[in-house]
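Scroll down for the structure; my scribbles are underneath it.
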Amino acid sequence: MPLVEVTYASTVPESCLRELGAVLPHLVSLAVECPEEPYDGDLRPGDVEIRFRPLGPLDRGGLPVVIEIRSKWFAARAANRQERVDSLHAGIRAATGLVDFGVYLSLPVAAWSQGD
């Protein structure tokens with residue numbers, strides 16, 4: 001279950017953020033798909049959680065949009081994480097037209113539990 005945080009500058013139009021919110025669940029699921037957590041194309045509640053955060057007055061960085069993904073570590077994911085994040089970046093760019101953004105993929109050792 002990936003957790004996604006999108007940090008954005010005030011110059012990023014809301015329409016762009018809405019488009020990101022629409023395409024990220026599928027694109028992120030493709031990017032982190034692995035034998036231990038296969039993606040069947042049918043996203044259900046809790047499969048991908050996305051949070052949008054505006055840059056604060058003390059935040060510093062050079063990109064108007066940074067997308068951080070945290071998804072549980074599995075050897076299959078870790079083996080080609082750079083390819084995964086590069087492919088995800090290309091998919092986001094193709095789907096949204098964004099050019100000036102970064103994608104960070106983190107694969108921590110983690111656990112997830114969700115009620116019914």
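Sequence positions, counted from 1, serve as the residue numbers for this chain.
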With Phe101 via ring pair (Phe, Tyr, Trp, His ring centres under 6.0 Å) - residues at least two apart: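 Listed in chain order: His89.
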Ring pair (Phe, Tyr, Trp, His ring centres under 6.0 Å) partners for Phe74, two or more places apart: none
Step-by-step side chain to side chain contact (heavy atoms under 4.5 Å, CB included) determination, Arg84 to Ser71: CA-CA 12 Å; Arg84 290 169 181 271; Ser71 194; over 6 Å; no
Summary of side-chain hydrogen bond (donor to acceptor under 3.5 Å, both in side chains) pairs that have at least one residue in residues 50-62, sequence neighbours excluded: Glu49-Arg51
Where at least one partner belongs to residues 20-38, residue pairs that pass side-chain hydrogen bond (donor to acceptor under 3.5 Å, both in side chains), sequence neighbours excluded: His26-Tyr39, Glu37-Arg77
Sequence-distant partners of Ser87, side-chain contact (heavy atoms from CB on, under 4.5 Å), two or more places apart: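 None.
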Do [X] and [Y] sit in one hydrophobic cluster, given that two such residues count as connected whenever their side-chain heavy atoms are within less than 4.5 Å of each other, even indirectly?
X: Val85; Y: Val48; answer: yes
X: Leu43; Y: Ile69; answer: yes
X: Phe52; Y: Val4; answer: yes
X: Leu63; Y: Val103; answer: no
X: Ile92; Y: Leu30; answer: yes

CA sep, side-chain torsions, deciding dist, call: Leu88, Val32, side chain to side chain contact (heavy atoms under 4.5 Å, CB included): CA-CA 9 Å; Leu88 177 57; Val32 300; over 6 Å; no
Side-chain touch Pro64/Tyr8, heavy atoms, less than 4.5 angstrom: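 No. Closest side-chain heavy atoms not under 4.5 Å.
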Heavy-atom check, side chain of Val65 versus side chain of Asp100, under 4.5 Å: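 Side chain of Val65 against side chain of Asp100, heavy atoms only: no contact under 4.5 Å found.
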Can you give me the closest heavy-atom contact between [X] and [Y], atom names plus distance?
X: Gly21; Y: Pro25; value: O-CD, 3.2 Å
X: Leu24; Y: Ile50; value: CB-CD1, 3.7 Å
X: Arg44; Y: Asp40; value: NH1-OD2, 3.8 Å

Check: Arg70 side chain, Leu3 main-chain N or O, donor-acceptor pair, under 3.5 Å: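 Pair absent, no side-chain N/O of Arg70 close to backbone of Leu3.
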Residue list, side-chain hydrogen bond (donor to acceptor under 3.5 Å, both in side chains) with Glu5, at least two apart or on another chain: none
Rounded distance [0.5 Å steps], CD in Glu19 versus OG1 in Thr96: 5.5 Å
Ile67 CD1 to Leu20 CG distance, which is reported to the nearest 0.5 Å: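 Rounded to the nearest 0.5 Å, the CD1-CG separation comes to 5.0 Å.
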